[in-house]
Student: 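Submitted below is the structure of interest, expressed as C-alpha cells.
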Amino acid sequence: MDNLLRVSCGALSPSDAGKTVELDGWVHRRRDHGGLIFIDVRDRSGITQVTFDPSKGETFALAETLRSEDVVSVRGTVRRRPAGTENVKLATGEVEVPADALEILNRSETPPFVIAAEEEPAEEVRLRYRYLDLRRPRMQRNLTVRHQIVKAIRDYFDEHDFLEIETPNLIKSTPEGARDYLVPSRVHRGSFYALPQSPQILKQILMIGGLGRYMQIARCFRDEDPRADRQPEFTQVDVEMTFVRQDDVMQMMENSIRSVWRRVLAEEIPDPLPRLSYAEAMRDYGSDKPDLRFDLRLVDVADVFRGGAFSLFASLAESDANRIVAIRYPNGAALSRRDFDGLTEFVKSIGANGLAYLTFGDGMKGSIARFVDDQMAQRLREGAGVEGNDAVLFIAGEHAIATDVAGRLRLEIAERLGLRDPKRFAFCWVSGFPLFEKDSETGEITFSHHPFTAPLPGQEALFDTDPLAITAQHYDLVLNGYELGSGSIRNHQPEFQRKVFKRLGLTDQQIDDRFGFFMEALTYGAPPHGGMALGIDRIVMLACGESSIRDVIAFPKNQMARDVMMDAPSGVPDQALRDLGLTIVQPPAAT
RNA sequence: GGCGUUGUAGCUCAGUUGGUUAGAGCGCCGCCCUGUCACGGCGGAGGUCGUGGGUUCGAGCCCCAUCAACGUCGCCA
C-alpha cells in the first residue's frame with residue numbers, strides 16, 4: 001500500500017515494472033478467453049491492458065461480468081508482458097497490469113455505438129449522446145488541440161502586454177447586421193438585453209478607457225442559420241490596440257498565428273504572409289477568401305474572343321460589365337463528356353448560364369473548338385498556361401456573377417483533383433476592401449463590414465462624391481479558403497463617425513438612440529485605435545484537419561440551431577412567461 | 001424559404017427489372033476457450049424498410065405529400 005500510485009492509462013512503460021498501481025478508467029475492450037480475461041482500460045491519456053487470472057477467485061468472477069464502458073478501478077503490480085506478447089500498436093504495449101483487485105465504480109448500459117470502433121456514427125447519434133462521442137479519441141484530440149491553441153493565444157498576447165478583459169454578455173441591442181439573440185428582462189418588463197454579436201463597441205470603449213492593449217477569448221452570438229463553419233454561438237479571439245496603424249495590427253495578429261502554429265503544430269508559416277488586395281483576390285481567384293494551397297488562377301480572355309467567330313462570347317466581350325474567364329483544368333483532356341456535363345450542371349446550379357470548354361490533348365477539341373482558330377488557340381494556351389493534356393473551362397457573363405461562379409468552379413476543380421489537402425496551410429491577408437457597397441435588394445448604400453471601419457487616409461473627400469470608391473482600412477486573414485477573421489482601423493473622431501452613420505441613412509435621432517453612449521464616449525478624447533477578431537472554432541477546425549466546426553466544439557448546435565442532447569431550445573413554464581410579461585403568439589396556420 | 005444528398009436491425013451499410021420468409025459486418029445475449037489485443041469457435045435474439053397516402057395481383061424499390069439529419073443558397077453589422 002505504501003507505494004500505491006494512481007496512474008493514467010496511457011502513461012505506463014517498462015520502467016514502471018514492479019510498481020503497484022491503481023488504474024482508473026473505462027472498459028474499452030474485453031477479450032475473455034474463458035480462463036484468462038484481458039481488459040483494456042481507457043482514460044484520456046490512453047489505454048493499458050489489464051489481465052485477470054482465475055487464481056484470483058473473486059476478482060476473476062467480477063471481471064467476467066465487465067462490459068463495455070463500465071467504470072473500473074484496478075489494483076495490481078505493473079509487469080513487462082511475457083516475451084512475444086507485446087503490442088507495438090499500443091503506447092503501453094510492452095507492459096500490463098495483472099489485477100489483484102477490481103472495483104466496479106459504475107456500470108454502463110450497452111452504448112448505442114461502440115466507442116472503440118473505427119466507423120463513425122451519424123452525427124445525429126453522436127450529438128444525441130455527446131458524452132459518449134466525447135470519449136472517442138478524435139474528439140479528445142480535437143478538444144486537446146483546442147485547449148492548446150487557446151493557451152498559445154493567451155500566452156502570446158500576455159507576452160505582448162495585452163490585458164484579457166471580460167465584457168458582458170447581457171448588453172444593448174445594436175440593430176443592423178445579423179439578428180440578435182434577445183433576453184427578456186424580468187425587472188424591466190418589456191425590455192430586452194441582446195447577446196453580443198461581438199464585443200465590438202465594448203472593446204472600442206475599452207480603448208477610450210485607456211486600456212491600451214486588450215484581448216479576450218469572447219463568446220459571440222448570432223441568430224442566423226448554422227453551417228458547417230458557422231454556429232449560433234461561437235468563440236473568437238478579440239483584440240484591440242490604441243495608437244496603431246493597419247500594418248501594426250496585421251503584424252501583431254500574424255505573429256500570434258505564427259506563434260500558435262509553432263507552439264501547437266510545430267510548424268513554421270511563411271514570414272511575412274502573402275498579402276493580396278481585394279481587387280487582386282477577386283480577379284485572380286474569384287473570391288475574397290482565396291484558397292492558396294493551389295494556383296489555378298482565373299484568366300481574363302475577353303480580348304481573345306472579341307470580334308471572333310463565337311458570337312456569344314464576342315458580344316459579351318464588347319462590354320466592361322461582363323467578364324469572360326478561363327480556368328485551366330490540369331489533365332482535363334482526359335475527362336469524359338459526362339464529366340464536362342457534370343461540371344456544366346455544377347456551374348448552372350450556382351448561377352452560370354453554361355460552361356464552354358476546350359481540351360488540348362491530341363489536338364484541340366471541346367464545345368467551342370469549331371469557333372476557335374489557331375491564333376486564338378495559341379493565345380488561350382499561353383494565357384491560361386496550358387501544358388500537356390489540360391482542358392480550359394470558360395465562364396462568361398455579368399462581371400460579379402462570372403467572377404463568383406469561376407471562383408467556385410476553381411474550388412470544384414481543386415476538389416476533384418485532390419488539391420485541397422487538409423494537412424497544408426496557406427494563409428494570406430486580403431485588404432483594400434471597399435468601405436461601402438450597394439445593397440443588392442434595396443440599391444441603397446450599406447457598409448461592407450461594419451460602420452466603425454475607417455477609410456484610407458485622404459479618402460474622406462470621396463464621401464460625398466463617390467462613396468462606393470472609398471477603400472476601407474480593413475483586412476481579412478484567410479486560411480485555405482476560410483475567413484479566419486477581420487479587423488480594421490476604427491473611426492475615433494465623433495464628427496466623422498456621425499458622418500458615416502448619416503451616409504448609411506441614419507438620422508441623428510436614430511444614431512443617438514442606438515449608439516448615443518458610444519458617440520458620447522468618442523467625444524472624450526478617444527485615441528486612434530484598431531483591432532481584429534479571429535474565429536477560434538475555424539482555426540481549431542483547420543488545425544485539426546476537420547471540415548466542420550461542430551467537431552471542435554464540445555456541445556455544438558445542429559443545423560436547426562438545436563442542442564439535441566439537452567433538447568434546447570424548449571418551452572418554459574407559464575409562470576416564467578408571466579414573470580417576464582411575455583405571451584406566446586402562435587404563428588398563423590399556413591394556407 | 002429554395003436546391004441537393006441521405007433515411008433499411010443498437011451502429012455502419014448492401015438490397016438487382018416491382019415478385020416466396022428483407023441480408024451482411026460490428027455490437028448485444030448464451031455456451032466453450034489461459035496470451036489475446038479488431039481474440040477465436042458454436043448457437044441465439046433483434047426490423048412498422050422515417051411517416052402518411054397512392055399505383056399495382058404484389059412495393060424496401062414506382063408516384064405524391066410530409067418529417068428529420070447533413071450540405072449549400074438566401075442570411076451571416
Student: Base, sugar-phosphate, or nothing for A/Thr110, non-hydrogen atoms under 4.0 angstrom?
Tutor: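 Since only primed, P, OP1 and OP2 atoms lie under 4.0 Å of A/Thr110, the category is sugar-phosphate.
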Student: Which of the following nucleotides, B/C37, B/C33, B/U34, is nearest to the side chain of A/Thr85?
Tutor: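 That would be B/C37.
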Student: Can you tell me if A/Arg222 and A/Ser198 form a side-chain donor-acceptor pair at under 3.5 Å?
Tutor: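 No, because no side-chain N or O of A/Arg222 sits under 3.5 Å from a partner of the opposite role on A/Ser198.
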Student: Kindly determine whether A/Phe452 and A/Phe447 satisfy ring pair (Phe, Tyr, Trp, His ring centres under 6.0 Å), including the steps that lead there.
Tutor: CA-CA 9 Å; A/Phe452 309 108; A/Phe447 40 83; 8.3 Å; no
Student: Please find out if less than 6.0 Å separates the ring center of A/Phe433 from that of A/Tyr278.
Tutor: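 Ring-ring flag for A/Phe433/A/Tyr278: true, centres closer than 6.0 Å.
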Student: Expressed as a whole number of angstroms, how long is the span from A/Phe38:CZ to B/U36:P?
Tutor: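 After rounding, the gap between these two atoms is 7 Å.
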Student: Under 3.5 Å, is there any donor-acceptor pair linking the side chain of A/Arg230 to the base of B/C75?
Tutor: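 Yes.
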Student: Regarding B/C37, can its base be found pairing with the side chain of A/Arg81 as donor and acceptor, where the two atoms are less than 3.5 Å apart?
Tutor: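 Answer yes: a donor N or O sits under 3.5 Å from an acceptor.
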Student: Taking the same atom, P, in B/C39 and in B/C49, what whole-Å distance lies between them?
Tutor: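 After rounding to an integer number of Å, I get 34 Å for this pair.
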Student: Go through residues 89-100 of chain A and report each residue with a non-hydrogen atom lying under 4.0 Å from RNA chain B, sorted by number.
Tutor: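 Heavy-atom cutoff 4.0 Å gives A/Lys89, A/Glu96.
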Student: From C-beta outward on A/Gln49, which listed nucleotide comes closest to its side chain: B/U36, B/A69, B/A77?
Tutor: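 Per side-chain heavy atoms of A/Gln49, the pick is B/U36.
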Student: In this structure, how many angstroms lie between the P atom of B/C29 and the CD atom of A/Glu109, rounded?
Tutor: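 Nearest whole value for this atom pair: 11 Å.
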Student: Quick check: any donor-acceptor pair below 3.5 Å linking the side-chain of A/Arg29 to the base of B/G27?
Tutor: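 A donor-acceptor contact between them is absent.
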Student: Give one of base, sugar-phosphate or nothing for A/Glu86, where a contact means two heavy atoms less than 4.0 Å apart.
Tutor: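 Base contact.
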Student: Given A/Arg128 and A/Glu123, is the side-chain contact (heavy atoms from CB on, under 4.5 Å) satisfied, shown in steps?
Tutor: CA-CA 8 Å; A/Arg128 166 78 178 77; A/Glu123 193 167 22; over 6 Å; no
Student: Does any nucleotide pair with B/C28 by Watson-Crick or G-U wobble geometry, both distances under 3.5 Å, and what is it?
Tutor: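 Paired with B/C28, as far as the under-3.5 Å criterion goes, is B/G44.
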Student: When all nucleic acid strands are considered with a 4.0 Å heavy-atom cut-off, which category describes A/Asn558: base, sugar-phosphate, or nothing?
Tutor: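 Sugar-phosphate contact only - A/Asn558 comes under 4.0 Å of backbone atoms but never of a base.
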Student: So what does A/Arg550 hit on the nucleic acid, given a heavy-atom distance under 4.0 Å: a base, only sugar-phosphate, or nothing?
Tutor: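 The residue A/Arg550 makes sugar-phosphate contact but no base contact.
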Student: Taking atom C1' of B/C75 as reference, at what distance in whole Å does atom CZ of A/Arg222 sit?
Tutor: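 For the pair A/Arg222 CZ and B/C75 C1', the rounded distance is 12 Å.
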Student: On a whole-Å scale, what distance lies between the C1' atoms belonging to B/C64 and B/A22?
Tutor: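 So the two C1' atoms sit 25 Å from each other.
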Student: On a whole-Å scale, what distance lies between the C1' atoms belonging to B/U12 and B/A38?
Tutor: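 It works out to 15 Å between them.
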Student: Within the side chain of A/Gln231, is there an N or O that forms a donor-acceptor pair under 3.5 Å with the backbone of A/Ala561?
Tutor: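 No.
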Student: Paired with B/G71 by Watson-Crick or G-U wobble geometry, both distances under 3.5 Å: which nucleotide is it?
Tutor: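 By the stated definition (distances under 3.5 Å), B/C3 pairs with B/G71.
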Student: Select from A/Gly34 and A/Arg538 the residue whose nearest nucleotide in RNA chain B is closer to the 5' end of that strand.
Tutor: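 Whichever sits nearer the 5' end wins; that is A/Gly34.
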Student: Rounded to whole angstrom units, what separation is found between the CZ atom of A/Arg503 and the C1' atom of B/A77?
Tutor: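 Those two atoms, CZ and C1', are 18 Å apart.
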Student: Which of the following nucleotides, B/A77, B/G35, B/G71, is nearest to the side chain of A/Pro451?
Tutor: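 Looking only at side-chain atoms, A/Pro451 lies closest to B/A77.
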Student: Please check: side-chain N/O of A/Arg490 versus main-chain N/O of A/Gln204, any donor-acceptor pairing under 3.5 Å?
Tutor: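 Between the backbone of A/Gln204 and the side chain of A/Arg490 there is no qualifying donor-acceptor contact (under 3.5 Å).
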Student: Determine whether more than 12 heavy atoms belonging to other residues, nucleotides or ligands lie under 6.0 Å from atom CG of A/Asp341.
Tutor: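 Counting neighbours around CG of A/Asp341, more than 12 heavy atoms of other residues, nucleotides or ligands fall under 6.0 Å, so yes.
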Student: I'd like to know if the side chain of A/Asp238 and the backbone of A/Gln216 have a donor-acceptor N/O pair within less than 3.5 Å.
Tutor: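 Looks like no, no N/O pair under 3.5 Å.
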Student: On RNA chain B, check which nucleotide each of A/Asp229 and A/Arg67 is closest to and give me the residue with the more 5' one.
Tutor: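 Checking each residue's closest nucleotide, the 5'-ward one belongs to A/Arg67.
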Student: Would you say A/Gln559 places a side-chain N or O within less than 4.0 Å of OP1 or OP2 belonging to B/G71?
Tutor: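 The answer is yes; a side-chain N or O of A/Gln559 sits under 4.0 Å from OP1 or OP2.
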Student: For the side chain of A/Asp53, starting at C-beta, report the closest nucleotide among B/C33, B/U34, B/G35.
Tutor: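 Between B/C33, B/U34, B/G35, the one nearest the side chain of A/Asp53 would be B/U34.
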Student: Side-chain donor or acceptor of A/Ser198 under 3.5 Å from a matching atom on the base of B/A77?
Tutor: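 When only heavy-atom distances are counted, A/Ser198 does reach the base of B/A77 through a donor-acceptor pair under 3.5 Å.
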Student: Using atom P in both nucleotides, what's the gap between B/U21 and B/C31 to the nearest angstrom?
Tutor: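 It works out to 35 Å between them.
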Student: Might you confirm whether atom CZ of A/Arg44 has over 12 heavy atoms from other residues, nucleotides or ligands at distances under 6.0 Å?
Tutor: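 Not buried by this count: 12 neighbours or fewer within 6.0 Å.
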Student: Across the strands shown, which category fits A/Arg227 at heavy-atom distances under 4.0 angstrom: base, sugar-phosphate, nothing?
Tutor: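 If one applies the 4.0 Å heavy-atom cut-off, A/Arg227 turns out to touch a base.
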Student: Hey, is the main chain of A/Thr403 close enough, under 3.5 Å, to the side chain of A/Arg323 for a donor-acceptor pair?
Tutor: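 Judged by distance alone, no pair lies under 3.5 Å.
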Student: Can you pull out the residues from residues 111-126 of chain A that lie within a 4.0 Å heavy-atom distance of RNA chain B?
Tutor: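 Those residues whose heavy atoms fall under 4.0 Å from RNA chain B, taken from residues 111-126 of chain A in numerical order, are A/Pro112, A/Val114, A/Glu119, A/Glu120, A/Pro121, A/Ala122, A/Glu123, A/Glu124.
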Student: From B/G1, B/C76, B/C37, pick the nucleotide closest to the side chain of A/Asn87?
Tutor: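 Output: B/C37.
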Student: A/His33 stacking on B/U36: centroids under 5.5 Å, ring planes under 30°?
Tutor: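 It does not: the ring fails the test against the base of B/U36.
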Student: Taking B/U55 as the reference, what is the distance to B/C13 when you measure between their P atoms (whole Å, please)?
Tutor: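 One P to the other, the span is 34 Å.
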Student: Could you check whether atom NZ of A/Lys289 has more than 12 heavy atoms from other residues, nucleotides or ligands sitting under 6.0 Å from it?
Tutor: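 Open.
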Student: Per the atom types in the model, does the base of B/G74 pair as donor or acceptor with the side chain of A/Arg179 at under 3.5 Å?
Tutor: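 Side chain to base: no pair present.
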Student: Think A/Lys172 forms a cation-pi with A/Tyr193, using NZ or CZ under 6.0 Å from the six-ring centre and within 45 degrees of its axis?
Tutor: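 A/Lys172 over A/Tyr193 ring: no.
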Student: Please confirm whether the shortest side-chain N or O distance from A/Arg31 to OP1 or OP2 of B/C39 is below 4.0 Å.
Tutor: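 It does, given that an N or O in the side chain of A/Arg31 lies less than 4.0 Å from OP1 or OP2 of B/C39.
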Student: Round to the nearest Å and state the distance from A/Arg128 atom CZ to B/C70 atom C1'.
Tutor: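 About 19 Å, once rounded to whole Å.
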